[in-house]
Amino acid sequence: QVQLVESGGGLVQAGDSLRLSCAASGRTFSGYNMGWFRQTPGKEREFVAARRWSGGSSDYADSVKGRFTISRDNAKNTVSLEMNSLKPEDTAVYYCAAGIPLGGGTHWWEYAYWGQGTQVTVSS
């Protein structure tokens, strides 16, 4: 059974930091793009960050650039998102995802495997 499980979410104050983790099982994703997306009620699923298979390159949404860092450990089949200087507008359910690297990995439809999400709430 292929499964992605996020962890590390919680309630924090503006300016705090959190590290989200995603553990994969049932398949080795070393050859896949790995990404983080987030979603709030009434809004579309938003791209946050991706670590692509090709050359280990990374990409970030403008809203999180300079504050968030994505990393992956292919040997452990995990991916993490380090979030610093959190803002109230970062409040969302965060999802990790894995997809075959046919594109740049910045769109949700490029990903076939998804976790259930972890809630991040940032108070002001």
Side-chain angles (χ1 to χ4, degrees):
Q1 181 180 3
V2 176
Q3 187 175 11
L4 301 177
V5 180
E6 304 96 337
S7 63
L11 174 63
V12 298
Q13 293 184 326
D16 287 351
S17 298
L18 277 176
R19 174 173 288 181
L20 306 182
S21 297
C22 177
S25 62
R27 184 184 296 270
T28 299
F29 291 102
S30 59
Y32 287 67
N33 289 338
M34 300 296 296
W36 287 95
F37 292 77
R38 65 188 183 186
Q39 190 167 22
T40 58
K43 297 184 65 177
E44 298 293 324
R45 188 170 298 179
E46 178 187 16
F47 167 74
V48 177
R51 187 65 175 268
R52 296 185 291 175
W53 172 86
S54 178
S57 61
S58 301
D59 198 12
Y60 298 91
D62 289 340
S63 59
V64 306
K65 194 171 298 181
R67 298 188 297 119
F68 291 11
T69 302
I70 186 172
S71 61
R72 64 189 296 174
D73 188 331
N74 290 332
K76 297 180 179 179
N77 218 24
T78 60
V79 60
S80 299
L81 184 69
E82 180 72 27
M83 304 184 294
N84 299 312
S85 301
L86 283 163
K87 305 174 181 179
E89 51 263 42
D90 295 319
T91 296
V93 177
Y94 283 72
Y95 300 88
C96 67
I100 297 173
L102 297 177
T106 61
H107 302 99
W108 67 266
W109 56 83
E110 300 180 48
Y111 294 86
Y113 303 99
W114 293 85
Q116 293 298 306
T118 185
Q119 177 70 47
V120 173
T121 302
V122 184
S123 62
S124 60

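In what follows, every heavy atom counts, from backbone to side chain, and hydrogens, waters and symmetry copies are set aside.
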Problem set entry | Exam field: side chain T121 to backbone T91, donor-acceptor pair closer than 3.5 Å |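 No; judged by distance alone, with no hydrogens or angles, the pair does not exist.
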Exercise. Is the backbone of S85 close enough, under 3.5 Å, to the side chain of R67 for a donor and an acceptor to pair up by distance?
Worked result: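 Yes.
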Mind checking the [atom1]-[atom2] spacing from [X] to [Y]? Nearest 0.5 Å is all I need.
X    : Y    : atom1 : atom2 : value
K76  : N74  : NZ    : CG    : 12.0 Å
S7   : Q116 : OG    : CD    : 13.5 Å
I100 : Y32  : CD1   : OH    : 5.0 Å
T118 : L81  : OG1   : CG    : 11.0 Å
L4   : N77  : CG    : CG    : 8.5 Å
W36  : S80  : CH2   : OG    : 7.0 Å

Exercise. Can you get from Y113 to W109 by hopping between Ile, Leu, Val, Met, Phe, Trp and Tyr side chains that sit under 4.5 Å apart?
Worked result: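 No, it is not one cluster - the side chains of Y113 and W109 are not joined through contacts under 4.5 Å.
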Exercise. When hydrophobic residues are tied together by side-chain contacts of less than 4.5 Å, even through go-betweens, does V12 share a cluster with L20?
Worked result: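 In one cluster: yes.
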Over all heavy atoms of both residues, which pair between [X] and [Y] is shortest? Give the atoms and the distance, please.
X    : Y    : answer
E46  : S63  : OE2-OG, 3.7 Å
R51  : R72  : O-NH1, 3.0 Å
Y111 : G99  : CD2-N, 3.4 Å
G117 : E6   : N-OE1, 2.8 Å
V48  : V64  : O-CG2, 3.5 Å
V93  : Q119 : CG2-OE1, 3.2 Å

Looking at side-chain heavy atoms only, is the closest gap between [X] and [Y] below 4.5 Å?
X   : Y    : value
V79 : F29  : no
Y60 : I70  : yes
R38 : V120 : no

For this session: For D62, check side chain to side chain contact (heavy atoms under 4.5 Å, CB included) against everything at least two apart and list the hits.
Result: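 If we apply the side chain to side chain contact (heavy atoms under 4.5 Å, CB included) test to D62, skipping adjacent residues, the hits are K65.
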Exercise. Applying the ring-ring contact (aromatic ring centres under 6.0 Å, His included) test to F37, which of Y95, F47, W108, Y94 qualifies?
Worked result: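 Only one of Y95, F47, W108, Y94 forms a ring-ring contact (aromatic ring centres under 6.0 Å, His included) with F37, namely F47.
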